[in-house]
Every structure is written in C-alpha cells, then in structure tokens.
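Since this is a predicted model, take the numbers as computed values, not measurements.
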Number of protein chains: 2
Amino acid sequence: MPRARISDVAQVARVSTSTVSLVLNGRTERISPATQERVREAAATVGYTPNFVARGLRTQRTRTLGLVSDQIATTPFAGRMLAGAQDAAREHGHLLILVDTGGDPGVEADAVRALAGQQVDGMIYAAMWHRVVDVPAGLPAGTVFLDCRPATGGYPSVVPDDRAGGRDAVRLLIEAGHRRIAYADIDEDQPPIASEERHEGYLEALAEVGITPDPALHVRYESSAAGGRAAAGELLDLPADRRPTAVFCFNDRMAAGIYVAAHRRGLDVPGDLSVVGYDDQQLVAGELDPPLTTIALPHAQMGRWATEVALGVRTPPEDDQPHLVPCPVVHRDSVGPPPAAAPTPAGDGPRTNP
Amino acid sequence: MPRARISDVAQVARVSTSTVSLVLNGRTERISPATQERVREAAATVGYTPNFVARGLRTQRTRTLGLVSDQIATTPFAGRMLAGAQDAAREHGHLLILVDTGGDPGVEADAVRALAGQQVDGMIYAAMWHRVVDVPAGLPAGTVFLDCRPATGGYPSVVPDDRAGGRDAVRLLIEAGHRRIAYADIDEDQPPIASEERHEGYLEALAEVGITPDPALHVRYESSAAGGRAAAGELLDLPADRRPTAVFCFNDRMAAGIYVAAHRRGLDVPGDLSVVGYDDQQLVAGELDPPLTTIALPHAQMGRWATEVALGVRTPPEDDQPHLVPCPVVHRDSVGPPPAAAPTPAGDGPRTNP
DNA sequence: CACAATTGCTCAATCGATTGAACGCTCAAT
DNA sequence: ATTGAGCGTTCAATCGATTGAGCAATTGTG
C-alpha cells in the first residue's frame, strides 16, 4: 500500500488539494469549520502523512539541520553535545543530520557539500574539544561553530568559559583554606585553548588573594590517569614546605590518577590532599571514592545554543566573539580544609605560594 | 547569490537540462564526449551542486537513513554505535538522520512519523543497551533493530553475543588456573538480556571443565563502582576455602569497585585476585592500574551491520533470529594465576567449586 | 434592486530535478 | 530516391506539495 498523498485526502474529502493543504497547515481563516472537519477526517482515514521532500522543494525549507563534527566516537562528551543539539532541534520541529568526518578534510568537504545539497536549514560545525579550527571550504554563511572557534572569525561560535572554570575551581580551594595549590596540566606540543584558559583562571584566582604562583606547582603530564599519577608523584615529592595541599587537575582522568598516587602514599583525599577535576565525566568523577569535586563542561547547553542560533531563533553576539557558556562547579567530596600539619592560620591575609 | 540550478548549467553549456542530468549522473552512453566536456565545464563554472530535495522527490530515494534511539546522552557506548552506523552510511553515499527520543514513546512515535515524512531510505531503531524493546507504532517494515530485539519479532536485529562473551571471560580465567570464579552480576528487578546471557556463558564455561557452580559466588549488586565494592566485600568475606580467586564482572565499572575493595584489604590485582570486566569502557578499563582485562562490546560492528541491512546491501538471516556479533576479549593485565596460598594442583582433573 | 464586499473554495504555476518517448539528423543499404 | 537504423539530443510528464490569484455564491449597503 503506497503512502497516501494529499490528493488522496482531497478526493475523500471532496475538496481540492489546495484546501487540504490550507487546512492541514492551519491557514484556516477562510475555510468553513465543516470543511475543515471533513478534511481532517479524510486525512485520518487515509492515514495521510505529509511528504516533507515535496514540501521542502516547494518551500525551500527542509526542517532539517546539519551537524558535522570531527569525531563522535572517541569522546564521551559527544553525547551530551548531540543530545543538547538534538533536543533543541526537536523542540523547533527540526531533524538533525549528523556527519562524523573523523577529522579528514576531504570527508569534511564532501559532508558540507552533501548537507548543502540536502538543503539543510542551518549548519553546525562541532569539535569534540575546545580549540581553534580551520574553516572548511564551502561552509555556508551562518554556520555555527560548536565547542571551537573558527580560525578566521566571521561565524557565530560557542565555547565553554574555561578561564572562569579554572578560576572557580581554584577559588573553591582557596575558600577551603588552601594556599599551596597545584595545577596538574596536560603536556601537549600545542596546548589546546582549554589548557591555556584554565591556567589563566588558576593564576587569576591566586592573584585575587595575593598568592604568588609557584612555578613548581604547575606541572605538565599526559592527559590520563597515568599522567595524573606521575603529576602527583612530582608534586608530593616536593619538600614538605613547598608541597601542595590541593591539586586542580586539567581533567577528571588525571584527578583519578592523583587519587591513586595519593592513596599509595597513604594520603587521604580530601584529608591530606584536596582535589578538583574538570569535565565531570560521570564514569570517572562519580565513581571515584570519595566522589570527585569537579567543574562540568556545559556541553548540552552549548549544543542547544548552537542549534538555536543555527535555526535563527536566537541571535549571536554582534561583536564576532565566541559566546562563552559558564562551567558549573559540581560539589562532591574531594575538597576539604588543608591538613593540620600544614595549617593556614586564619585571617593572616594574603600570603605567597611558598 | 542563489544556488545554481541544473537549468543554469544547461544554459551555459547550450544543451537541455536533460542532457545535463544525463551527463552528471553518468548515463553517458549516448552523449558525445564533446558535449560531456561542455556540460562538466559549465557545471564547474557555475558551481553547480545538485538539489537532493528535488532529486529525491523525483526518484523517491533520498540517500538518507533514519536512526532513532532511546538515549544518546547517558551512555558512552552510543558514540561507537553511531560512528559505526555513520561510517557505513557514508561509504554507501548516505546521510544519517539522528533522533534521540529519551525513551518517551510519544516522542518516539513523532520521530518515526517525521523520519517517514522525510522519505528516509531505511530506518534503524537502536537501544543503548542490549534488551527487548516494544515495536513503536508505525515503524516501517524492514527497520533494523540495533542492540535490541523487537518483542514481536519480524524485524532484522543485531545484538552482541553476550553468552559467548561471558563464556570466553570465564574460560580465560579457567585457563589461567582458577577454579573458584565469582560472577559479580547486576541487581535489577528485570535483569537485562545481557545479564542473563553472560551468566549462562559463565555457567557454560564452568560446566565445560566440570566445575559445579557455587551459588555463593554469584552475587548481585548495583551496576557501579560502589556496587563492585560491595560485591567484593561479600565475596572476600567468605571463608578462605570458599573465597574466589577470580571475579568476572558484569561491567568495567563494577570491576573498578572490585579493585578498590581488593586494594583496601591489601590484596593485589592480579596477584591475589584476578578480575575480568565487560564493556571495554576506555575511561575505566584502560585507566585502571593494572589495566583491566575485559570483554569488548562490538558496538561499531553492530552499527555497521544494522546500516548495511537497512540499506539493503547485506541480507539479514532468514530465520528471524537476531544476528549475533562476537565480543572480543581484550587482554590487559588483571588476570594471572591464582595465588599460591590457594593453589590448584596441576593435572588434578575436574573439581568442584567448593 | 443594483452593486460591492465578503466568504469559501479552486486553478494553475511553481519548486528542481529525472526519465521514457520522441525527434531530427546523418549515413548506409536497397 | 526511398527507407531504415543509429546516434545525440530534447520534450514533456512527473514526483507531492504550497500559494497567489481568481471565481462563484452569499451577504451587506445605499
């Protein structure tokens, strides 16, 4: 049984296809209630569903949104970004067409062409971690950059506010009484924006209360639990008076490594060492013991923002700057006051990171 | 500047639109090389890209595939399944339209309608964990079920071979010399297929070598690291002669909990206790110390299989049974021989789980 | 009562491609 | 000279909807 067309409905309702179209699209100002009723009934009995392809051809709007990203598979963040985008699209009656290019520029160009050929109503270009990306050739104007910044500018973009996130993480530790706070950063040839900005936030928070940053407390290791273990090793080997009482980690995986290294030395988290992560990866942060206090990446909100801008229901900032979405602090149990052995006398005012 | 249409190309090349269509679609049997050249040149100069909407209307094929799933966000597996499906779709010149219903049946019905309206060439219904699902109303015939089995049958489906996976996991432990092997299962009101089948595989592997399963070694706890810790607590509190020397876990998260509990009791993995997980979650299995030996879920292959069947380039089994994809063993470092304190004399033949 | 305005609906063009049938031309065979 | 075949190209219908213009019947106005 072939799908019912609008003409089938028209025939059953004994009206023209125009009338059917008018009624079914709610342009009923000039249609009598009786006719409307007949049309709706007819549509129901023949089981009519509009053909969006035909409609799209006529209206030039396909109610479809293209999302091309470098990689879906390798990061667990993808899901939340996609989910945010997807939900927003659905709320506005749109469907999401997803293309994973695997980072291959050739595939990317094909994808952009294919999506343009599909007459998508809007396009989103997403990276799975915050960085600067080259603008693929042929990208339509108005494409929204998600979790990345176009190298050339000229497109709306949305990224996490990593600087504020880093600042908030460190403020949290300062408020808990810590003064000697380390930053376990990642070790990459060209550090991503996230790394730099979180570091800036770290310095900012220290500066706010007059702590002079100790370079020995900024260590760089591989972005993994193993890297975290190594970082903790270096930090905890410092002489007692320079050893940190708290570590802010570039991400939760490194934080997990810090836990392991601390436990091996018989140190308690947070009793002897406070830890703050970044990313709020459920599988890591929530499963650690004690559960990890961390900074969440606002992936769902960013996905939503990008979608809304792509659909034109929200206007991007006019200054061509990325839209920054705050990274909320997720309070769990890995932050406490510094150990008594290394007390920070109350009310002693600004001090330096020794 | 509006997009170039086929008629623009025709005008520049001084031929009819028919000829342009013929040339650009490779039906060049009857077109002179000179004309072909002119057409291609013209297409290039006006920057023509075919309008897939118009083509779809005429040909009734949209080169588009619908994938509806219950949840994208909450599981890290989604990515690999999507990536597999996406890659296969791309290889066959198709685009993937993704809908996440959040498990809401109303949204699901809308999604199915919307995708049907988009005239997708095929449809995939995916669950993010292996289970039996109700068939949504209005689902087109030929829809492929991915990582789930339709309650009513009648549709092709693909799922992991959890039974074989469980068997392989336990065989591995048996081959390492273990006889007292526990299964740390999940504790759910209606256990998912995966739980049951892995358990069957566990029993099968034991039976193969004549070990009588000890019910005390089959424990059920919450599916999390905390659940794993609890499971390990129960198992390690058994009297020495009934205590397991190895644990097969329903998933990697529970395995992570086993590690923690073991370490707290001063037990070494794998020196005192061998552990095998399931899922091969990178963030867990790869990051543990020692790295976890586990059974991988073949998400990418399943996604690919589903896509190929949906596109008709691969034919599903005719017996209406789910297509089983094997779960490969991922050898890491959490399995070793049983501790000397609980030796299994070599060559002593089949024995029972005490 | 004549005419205009309003109401309720339909006509027909249109979106941009695809495709089977047909057309005009050339050339070879009868 | 006529016919027929082969070749290269075009004609025109078609896919299934949307939509501005238009038409007939009804109602309102002077």
Side-chain angles (χ1 to χ4, degrees), chain A residues 1-40 42-43 46-64 93 113-114 116-121, chain B residues 1-40 42-43 46-64 93 113-114 116-121:
Chain A
M1 166 190 65
R3 286 173 51 116
R5 293 152 303 175
I6 199 171
S7 60
D8 298 323
V9 179
Q11 201 167 15
V12 170
R14 320 182 120 270
V15 294
S16 72
T17 60
S18 314
T19 304
V20 176
S21 173
L22 260 11
V23 170
L24 265 27
N25 289 300
R27 312 209 65 70
T28 50
E29 313 90 48
R30 323 244 305 166
I31 313 282
S32 74
T35 305
Q36 290 183 39
E37 182 54 27
R38 277 219 316 290
V39 168
R40 279 188 236 281
V46 304
Y48 173 70
T49 351
N51 181 319
F52 289 100
V53 176
R55 171 186 291 174
L57 178 59
R58 182 62 236 255
T59 61
Q60 306 290 30
R61 308 201 53 234
T62 54
R63 313 214 121 241
T64 248
R113 245 197 306 282
Q118 285 290 347
Q119 314 282 99
V120 292
D121 291 345
Chain B
M1 167 190 60
R3 287 174 50 120
R5 291 152 304 175
I6 200 172
S7 60
D8 298 324
V9 180
Q11 199 167 17
V12 171
R14 317 182 122 272
V15 294
S16 71
T17 60
S18 313
T19 304
V20 176
S21 172
L22 261 11
V23 171
L24 264 26
N25 288 299
R27 312 211 66 68
T28 50
E29 313 91 42
R30 327 238 308 162
I31 312 283
S32 73
T35 305
Q36 289 183 40
E37 183 53 29
R38 277 221 315 290
V39 169
R40 280 189 236 280
V46 303
Y48 174 68
T49 349
N51 181 321
F52 288 101
V53 176
R55 172 185 292 175
L57 179 59
R58 182 64 237 255
T59 61
Q60 306 289 32
R61 307 201 52 235
T62 53
R63 314 216 120 241
T64 249
R113 244 197 307 283
Q118 286 290 345
Q119 313 283 99
V120 293
D121 292 346

Undergrad: I'd like to know if B/S32 reaches the base of D/dC7 with its side chain, counting only an N/O donor and acceptor under 3.5 Å.
TA: no
Undergrad: Rounded to whole angstrom units, what separation is found between the CZ atom of A/R61 and the P atom of C/dG16?
TA: 16 Å
Undergrad: Any side-chain N or O of B/Y48 below 4.0 angstrom from OP1/OP2 of C/dA17?
TA: yes
Undergrad: When only distance counts, do a donor and an acceptor, one from the side chain of A/R55 and one from the base of D/dT18, lie under 3.5 Å apart?
TA: no
Undergrad: In terms of side-chain heavy atoms of B/R30, which of C/dC9, D/dG16, D/dT9 is nearest?
TA: D/dT9
Undergrad: Does D/dT18 have OP1 or OP2 under 4.0 Å away from a side-chain N or O of A/N25?
TA: yes
Undergrad: What nucleic acid atoms does B/V15 come within less than 4.0 Å of, heavy atoms only: base, sugar-phosphate, or nothing?
TA: sugar-phosphate
Undergrad: Does A/R113 reach the side chain of B/T49, with side-chain heavy atoms less than 4.5 Å apart?
TA: yes
Undergrad: Regarding D/dT9, can its base be found pairing with the side chain of B/S18 as donor and acceptor, where the two atoms are less than 3.5 Å apart?
TA: no
Undergrad: Between C/dT18, D/dT9, D/dT19, which one does the side chain of B/I6 approach most closely?
TA: C/dT18
Undergrad: For a quick test of reading the model: is some side-chain N or O of A/Q60 closer than 4.0 Å to OP1 or OP2 of C/dG16?
TA: yes
Undergrad: Compare all side-chain heavy atoms of B/N25 with those of B/R55 and state whether any distance is below 4.5 angstrom.
TA: yes
Undergrad: Between A/S21 and A/S18, is there a side-chain donor-acceptor contact under 3.5 Å, judged purely by atom types and distance?
TA: no
Undergrad: Counting distance alone, no hydrogens or angles: does the base of C/dA17 have a donor or acceptor under 3.5 Å from a partner atom on the side chain of B/T59?
TA: no
